[in-house]
Structure formats: C-alpha cells, structure tokens
Amino acid sequence: MLDPKYVREHQAEVRKALEDCKSKVDLSLYLDLERRRRDLMVSADKRKARLNQASEEMSRLKKEGKDITEYRSKLSELSNEIKTVDAEITAVEKDFHEIELQICNLPHESVPVGGEEANKEVRRVGEPKKFDFKPKPHEELGLTLGILDFEKAAKVAGTRFFSLAGLGAKLERALVNFMLDQNSQKGYQEMVVPHLVNYESMETSGQFPKFIEQAFAIEKDKLYLIPTSEVPLANLHRGETFPAGSIPKKYTAYTPCYRREAGSYGKDTKGLIRLHQFNKVEMFQFVEPEKSMEALDQLTADAEDLLKKLGLPYRVVVLATGDKSFSSVKTYDLEVWLPSQNTYREISSCSNCTDFQARRGAIKFKREGGAKAELVHTLNGSGLAIGRTWLAILENYQQADGTVLVPDALQPYMGGLKMIVPAKP
RNA sequence: GGAGAGAUGGCCGAGCGGUCGAAGGCGCACGCCUGGAAAGCGUGUAGGCUCCAAAAGGGUCUCAAGGGUUCGAAUCCCUUUCUCUCCGCCA
C-alpha cells in the first residue's frame, strides 16, 4: 500500500511507475476517491463537532431541570444527517481501499524498466561443470536412485506433488538443517510459525486480494495455506511498534509452501521445479527505512553464501519493473545452474518491500529519543527453496554411473555420507 | 464439542447512559531537592484520520472488532474474534 499523501503530491511520478509495473490500476479514480473521502470527512466532522457541543449543552440543561424535548428532536435531525454522511464515507472508503490494495509497490530507481526481457544479470558465480557424458535431468536420476517418486504422490494427492524416499528424504532434511544453521549463525532468529493463516495476514504481506486465486483455502475455517513463510513472518509483528533499539530484527523459518499454480498448466510439468507443495527456508528482516537498500544487498549475499557453500554455480539477476514482485521495490533473483536444462533457474528471490507491507499491517518502530513511531521496512528472501536446491545438487553432482556425490558442506548433515547410490529394491 | 468468565492507556486497575481519551497506582521522561544517589515533591506521559503552505493550533474518531438502540454509549442490545477456567476428545 502506498502513502496516499505521497501519491497525491507525486502524481506524474507514480503514474509512470505504475506504467512501468504494467499496473492496470486507474490512478485518476484513486485520486478522485481520495479527494472525495477527505471532503466528506470534513463535512461529517463539522456536523459532529456541532452535535458534540449541543450534547454538552443538553446535559447542562437537563441538570438544571429544563425541558429538553424540543431540543432533542432538533438534534435528532442533525444526528441523522451525520449517519447519512458517515454511510457515504464508508462506501467511498471501501472503494478507495479496494483500489489501494491493487496498487503495486513503486520500483526503485535502480531497477531496469521493462518486462521479463529487461531483467539484468548482475553477476555470475561459479563455473558450470563440464560433463564428459550427457547430464541427466534430476527426475530421471531420482527415479533411478529410488529416492524420488511422483506416481505415489499423484495417487495420494494429485499432480504437482512429490514424495522422497530414503536418502532422498534425508537429503531434503539435511538441506533444511544446513540452511537453518547457516542463517542462525548470520543473526537470523530461528522461528516456527503457523502454516495456515487468516485473511488479514495474506493481505498484509501483499498476497490478497490480488493473488487470492493462487492460494489454497480452507473455506470452512477461513484459513489459507501459506505460499511462503514470508506471510507468517511478516505478520508476527502486525499492529506492533518496535521499541527503540530493537530493530533490525531478522528471522529465519522453515516451512512447506503451498501454491495452486493456477494458470501454469503445461509449465514445468516434469520434476521438482513447480509443485503445489514444496519446502523452503526463508529469511525475513524488519529494518530502519534508510538502511533497507543496504539490507537487501546483505540479504542477497546471505542467500548467495548458501549456494557458494553448496558449490552450486549461480547467477544474480535484478528483476525489471514489470517482473519484480508486487510488494517489492527491488528484487534480486538467484538462479542456479541446471546442467540438464543447460540454463539457470530461479532458486531464491530476495526483495525489499520498503514500507509497503508495514503500511498494510501497521508495523512501526521508534527511534532512540524519537517522538513518533514510523513505519519499518521489510525484506524477505528465500534461503533457499529446498526442492530446487535438492534437484540442483542431483544434477550438478551427478556422475556418469548415475550416482550423486554429496557436497562437502552437507556431509555432516548426512551422517558423513559422501555419495548417494541406488537404494536396494 | 459442552458449560462458564473475561477483553479499558506501556503495565495494573476504576468507571450511576451525559461534562470520560477515560480516576488511581506502577513504570517512564524532565525538573526541584542532594556532595551524589534513594526517598520526597512537581510537571508531563496513546494512536489514527483530517483542516492549515508549514509550525502553532483546531476538528473528529478510537475503551477487542463490527453492527444496533439513543439527542448522547467504555457503560444497554446483537454478532464475531481472542483469552482464561472446568468437562469431553486428542498427537
């Protein structure tokens, strides 16, 4: 959500930014409603002031034992007028809020303008390994090794679900533990959070109302399965004010993520790339406004560090205005090298949401000696998507015979295991 | 799931339908006092929206949330949410 006052005073700039984001929001309507809301409020407040004055008067008259019948009926009229205006305000506010929630965050000046094609590679780290055989896709490796199974998952739940067995499951858990340990060492507090959240939480983090179709819903209980732990983490401090000196606050959490993937039929139908359920370790930060751009670089570096330690080649891409996420001003995607696809694929997304989520959720902080509470800035980043890391390891560490080496950093988490070999039938 | 109790300012806690944004206490801040501190005394101590170019100042809203009764609601009525106690069920 944007600051209406800012929008009002920087119309040209906002209009351009919304175009760059391919937003379809009608800014004129937004401004018009905002204007009407204030006008109505002034008119209602004037009447309320009169009523309040009269009310005091009335109380005095009554004490003096005077007759107030006539006076009362006069006020009744005023009272009704107020109710009418208030109803108008409510209606205008509802319309305004509806639009307001549809507006994306304005891109940072450093973000390239354009759609997906304008995304810009920032750096490449690590050399893709040269194989002296044709590298196999992970779904094939996993199947042969007997550690990955989609058929069983499809029977249990449907398409776009997966199941892991034996060392496959163990590798998944090793990655979770490895990442949580690493993040903890970097000052992120480890958290366990709800996987089902209410509507408000989805609204605060920016999923709702725009992306409501993408969420799995438990209608009976009005709860939603989280698409990322960003949602519960962002909402931990909803409606709160951080006392002076208590931010930056950094959290990390491991949760499954549930996504309907509506409209992605036919995309990435094979393997672990795109699923209705996957695991992820997330990083989240609440920081002071002037420090958030710097924090984004640090957060991205923290995510990169995990890939470096796992020995996976990757590149960093800054997403263009039309491709960045709804709530963010700037997003870096980390893309890991996949030998079987001969390309880089997203494995992490790190965003600075500035005060966008904070305004939706009224998340504030106080400065040392500062009088007024201000909105915090929030940042989130995957550190990392576990499923995609799992498959990247299989593909990058595969050997000609179909076995897979365990990266050094993970061996302590795999009971010292150095290689994944086919399971005994 | 059944029965009951409750939700007031940073915290505790009062509050006959009118002068209550709300007594009192604690905490906190500042000042006085002191060689310094404690105690004591004094003063102050919510947030949102809005008017004004801005400051000063003004208006309005907020006593869990939403609705209702009323000229007027923290106070009465309804709904919802949350918390607590007991019973049942349960990893």
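Naming convention: chains lettered A, B, ... in sequence-line order (proteins, then strands); numbering from 1 in each chain. Just so we're clear, the structure is a prediction, and the values are computed from it rather than from any experiment.
Ring geometry for A:H276 versus A:F216: interplanar angle over 60°, hence perpendicular rather than tilted (30 to 60°). Using the six-membered ring where Trp is involved, A:Y224 and A:F208 have ring planes that are perpendicular, over 60° apart on the 30 and 60° scheme. Ring pair A:F242/A:F286 is tilted by interplanar angle, where 30° to 60° counts as tilted.
Across all strands shown, B:C76 pairs with B:G68; the Watson-Crick or G-U wobble distances both stay below 3.5 Å. The base-pairing partner of B:G27, taking Watson-Crick or G-U wobble contacts with both distances under 3.5 Å, is B:U45. Judged by Watson-Crick or G-U wobble contacts below 3.5 Å, the nucleotide B:G40 has B:C32 as its partner. A 3.5 Å limit on both hydrogen-bonding distances identifies no Watson-Crick or G-U partner for B:C52. The partner of B:U85, taking Watson-Crick or G-U wobble pairs whose two distances both stay under 3.5 Å, is B:A3.
One finds no side-chain N or O of A:K5 lying less than 4.0 angstrom from the OP1 or OP2 phosphate oxygen of B:C51. Residue A:R37 has no polar side-chain atom (N or O) positioned under 4.0 Å from OP1 or OP2 of B:C49.
Of the candidates B:C71, B:C49, B:C51, the closest approach to any side-chain atom of A:S79 belongs to B:C71. The A:R8 side chain lies nearest to B:U50 when the options are B:C71, B:U50, B:U69. Nearest nucleotide to the A:K83 side chain, out of B:G72, B:C71, B:C51: B:G72.
Contacts of A:R47 classified as salt bridge (charged side-chain N to carboxylate O under 4.0 Å, His left out), with partners at least two apart in sequence or in another chain: A:E81. In this structure, A:Y188 has no ring pair (Phe, Tyr, Trp, His ring centres under 6.0 Å) partners at least two apart in sequence or on a different chain. By the ring pair (Phe, Tyr, Trp, His ring centres under 6.0 Å) test, A:Y254 is found to be paired with no residue, residues two or more places apart in sequence or in another chain being considered.
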Report all interatomic pairs (protein N or O, nucleotide N or O of nucleotides 64-66 of chain B) with separations under 3.5 Å.
none

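Within the 3.5 Å criterion, the main-chain N or O of A:V92 finds no donor-acceptor partner in the side chain of A:R37. A:S351 contributes no side-chain N or O that, together with a main-chain N or O of A:C353, makes up a donor-acceptor pair within less than 3.5 Å.
For the C1' atoms, the distance linking B:U85 with B:G67 amounts to 30 Å, nearest Å. With P as the reference atom, B:G15 and B:G31 are 37 Å apart, rounded to whole Å.
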Pair up each side-chain donor or acceptor in residues 390-398 of chain A with any protein partner under 3.5 Å, not counting sequence neighbours, and list the distances.
from   : atom 1 : to     : atom 2 : distance (Å)
A:W390 : NE1    : A:G168 : O      : 2.9
A:E395 : OE1    : A:S340 : N      : 3.2
A:E395 : OE1    : A:S340 : OG     : 2.9
A:E395 : OE2    : A:H138 : N      : 2.8
A:E395 : OE2    : A:H138 : ND1    : 3.1
A:E395 : OE2    : A:S340 : OG     : 3.0
A:N396 : ND2    : A:W337 : O      : 2.9
A:N396 : ND2    : A:A392 : O      : 2.8
A:Y397 : OH     : A:L310 : O      : 2.6
A:Q398 : OE1    : A:K136 : N      : 2.9
A:Q398 : NE2    : A:K136 : O      : 3.0
A:Q398 : NE2    : A:E395 : O      : 3.0

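RNA chain B lies under 4.0 Å from at least one heavy atom of each of the following residues of residues 45-52 of chain A: A:D45, A:K48, A:A49, A:L51, A:N52.
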